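I have placed the structure first, in the form of structure tokens, so that the comments after it can refer back to it.
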Amino acid sequence: MRVTIIVLLSWLGCSLGHHGIKSDFTQLRSNNSTDSIPQLAKKLINSYKDLVIGFSNNHIILKDGSKLLWDDGIKNKSSKLLLEKPDLKDIFDQKYTVGQLKSTPATNFDPGRIRNEPFFLKMYGATEKEVRKNLTEITWCLKLVGQKITVTRINGIDKKLTQISKELDEHPELKKYLTNIGGTFTWRNISGTNRHSMHSFGMTIDINTTYSDYWQWACKCTNENAVIPYKNRIPQTIVDIFEKHGFIWGGKWYHYDTMHFEYRPELID
């Protein structure tokens, strides 16, 4: 009986393949596999194709064969837990909107400030030494500023920042905001936390601090629960140019950091 079933299945497979039906079933299965990937996970995959190669069983699959958990199943996380222990899905918990701010950010509304650290350590390097292997020097705003800055080559960020600086070079009225760049690569933690600053990866840039505002400067504290009046002096033109190239702006956070631009294309529609 067992031999008969095996023979029958073999014949059926050959028959389906002969009539082109088997390939149709294979394609359908492939499509179903794609459809089963959460839409937000697809955004992550499409944004970082050099690192992420797929999705399976609630995990993002990385190029080196390792996996990272997509959804830990914990609902209604506090703001503190979202910052300290986010899963990959939590990255998208708050929607980042490009363009002009229509109102000041609501309390604890910090789209993009929620970061799954293991993901970025995999992408840019888990140690300072690993990150440094991919750093390069570019000239920031050749005409207006001419300052040398150090950034990563991963995700073509050096090329993106070069293009951004070329576009900003056409706006001499913005020069004071673009001189004396506040910082790019620095391997360190965020002040008052055990979390890596995104400056550790060479994929962020702080523009001139003289005309910038930061929530910790305003409250003179590191208390995430502090009541913080919003403040910004950065022109919208600068924000628009950065966003066009996949960078989010820290001025759209309740815990604002208006000098800060960070490469996060997965958050920009």
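This structure is a prediction, so every number in the text was calculated from the model and none was measured.
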Side chain to side chain contact (heavy atoms under 4.5 Å, CB included) between W70 and N57: does it pass, once the steps are laid out? CA-CA 9 Å; W70 170 252; N57 298 320; over 6 Å; no
Checking F185 against T204 for the side chain to side chain contact (heavy atoms under 4.5 Å, CB included) test, could you report, in this order, the C-alpha distance in whole Å, the side-chain angles of both residues, the deciding distance, and whether it holds? CA-CA 7 Å; F185 168 72; T204 66; over 6 Å; no
Could you go step by step and tell me if L82 and D93 meet the side chain to side chain contact (heavy atoms under 4.5 Å, CB included) rule? CA-CA 9 Å; L82 283 171; D93 184 71; 3.5 Å; yes
Decide yes or no on side chain to side chain contact (heavy atoms under 4.5 Å, CB included) for I149 and I205, but give the supporting numbers first. CA-CA 9 Å; I149 61 173; I205 183 170; 4.0 Å; yes
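Between F261 and F242, the ring planes are parallel. Angles under 30° get that label, and only those over 60° would be called perpendicular.
Here the side chains of L142 and D169 are in contact, with some heavy-atom distance below 4.5 Å. With contacts defined as side-chain heavy-atom distances shorter than 4.5 Å, the pair W253/P105 does not qualify. In this structure, I190 and R115 have side chains that are in contact, with non-hydrogen atoms separated by less than 4.5 Å. Side-chain contact check for L69 versus N58: some heavy-atom pair is nearer than 4.5 Å. At a threshold of 4.5 Å between non-hydrogen side-chain atoms, the residues I45 and F55 count as touching. Counting heavy atoms from C-beta outward, R195 and L83 have side chains that approach closer than 4.5 Å. Counting only heavy atoms from C-beta outward, the side chains of N208 and I181 never approach each other to under 4.5 Å. In this structure the side chain of E266 never reaches within 4.5 angstrom of the side chain of Y96, judged on heavy atoms.
In K89, the NZ atom is not crowded: 12 or fewer heavy atoms of neighbouring residues, nucleotides or ligands sit closer than 6.0 Å. Counting heavy-atom neighbours within 6.0 Å of K77 NZ, excluding the residue itself, gives a total above 12. For N194, the CG atom sits in a loose shell: 12 or fewer heavy atoms of surrounding residues, nucleotides or ligands are nearer than 6.0 Å.
Between M203 and F247, the closest heavy-atom pair is O-CE2, 3.8 Å. The minimum heavy-atom distance between I207 and Y177, with the atom names listed, is CB-O, 3.5 Å. Heavy atoms only, all atoms of each residue included: F119 and L51 are closest at CE1-CD2, 3.7 Å. Of all the heavy atoms in N180 and Q147, the pair that sits closest is N-OE1, 3.5 Å. Of all heavy-atom pairs spanning Y124 and N155, the tightest one is OH-ND2, 2.9 Å. The nearest pair of heavy atoms linking N108 to Q94 is O-NE2, 3.0 Å.
Looking at D213 and R233, a side-chain N of the basic residue comes within less than 4.0 Å of a carboxylate O on the acidic one, giving a salt bridge. The existence of a salt bridge linking E243 and K252 is confirmed by a sub-4.0 Å separation between a basic side-chain nitrogen and an acidic carboxylate oxygen. A salt bridge does not link K85 with E117: none of the charged nitrogens is closer than 4.0 Å to a carboxylate oxygen. Between R132 and E130 there is no salt bridge, since none of the side-chain N atoms of the basic residue sits less than 4.0 Å from a carboxylate O of the acidic one.
Rounding to the nearest 0.5 Å gives a distance of 8.5 Å between CD1 of I74 and CG of D90. Separating the CG atom in D257 from the CH2 atom in W215 is a distance of 10.5 Å, to the nearest 0.5 Å. I228 CD1 to C221 SG: the interatomic distance, rounded to the nearest 0.5 Å, is 6.5 Å. To the nearest 0.5 Å, atoms CD (E128) and NE2 (H196) are separated by 9.0 Å. Rounded to the nearest 0.5 angstrom, K63 NZ and D50 CG are separated by 6.0 Å. The structure places CD1 of I234 at 4.5 Å from OG1 of T258, a figure rounded to the nearest 0.5 Å.
Side-chain N/O atoms of K122 and S66 include a donor and acceptor closer than 3.5 Å. Checking Q216 against H255 by side-chain atom types alone, no donor-acceptor pair falls below 3.5 Å. If you check the side chains of H199 and T186, you find no donor sitting under 3.5 Å from an acceptor.
Residues I241 and L101 share a hydrophobic cluster, clusters being chains of Ile/Leu/Val/Met/Phe/Trp/Tyr side chains in contact below 4.5 Å. When the side chains of ILVMFWY residues are joined at heavy-atom separations under 4.5 Å, either directly or via intervening members, W217 and W249 end up in a single hydrophobic cluster. I61 and I91 fall into different hydrophobic clusters, where Ile, Leu, Val, Met, Phe, Trp and Tyr are joined by side-chain heavy atoms under 4.5 Å apart, directly or via other members. I114 and I268 are not part of a single hydrophobic cluster, where members link through side-chain heavy atoms under 4.5 Å apart.
No donor-acceptor pair closer than 3.5 Å links the side chain of W140 to the backbone N or O of T162. Judged purely by atom type and a 3.5 angstrom limit, T139 has no side-chain atom pairing as donor or acceptor with the backbone of G146. Listed for the D87 side chain is a donor-acceptor partner under 3.5 Å among the backbone atoms of D72.
Qualifying salt bridge (charged side-chain N to carboxylate O under 4.0 Å, His left out) partners for D240, counting only residues two or more places apart in sequence or in other chains: none.
Aromatic rings from Y214 and Y256 are positioned such that their centres are separated by 6.0 Å or more. When ring centroids are compared, F109 and Y254 stay outside the 6.0 Å threshold.
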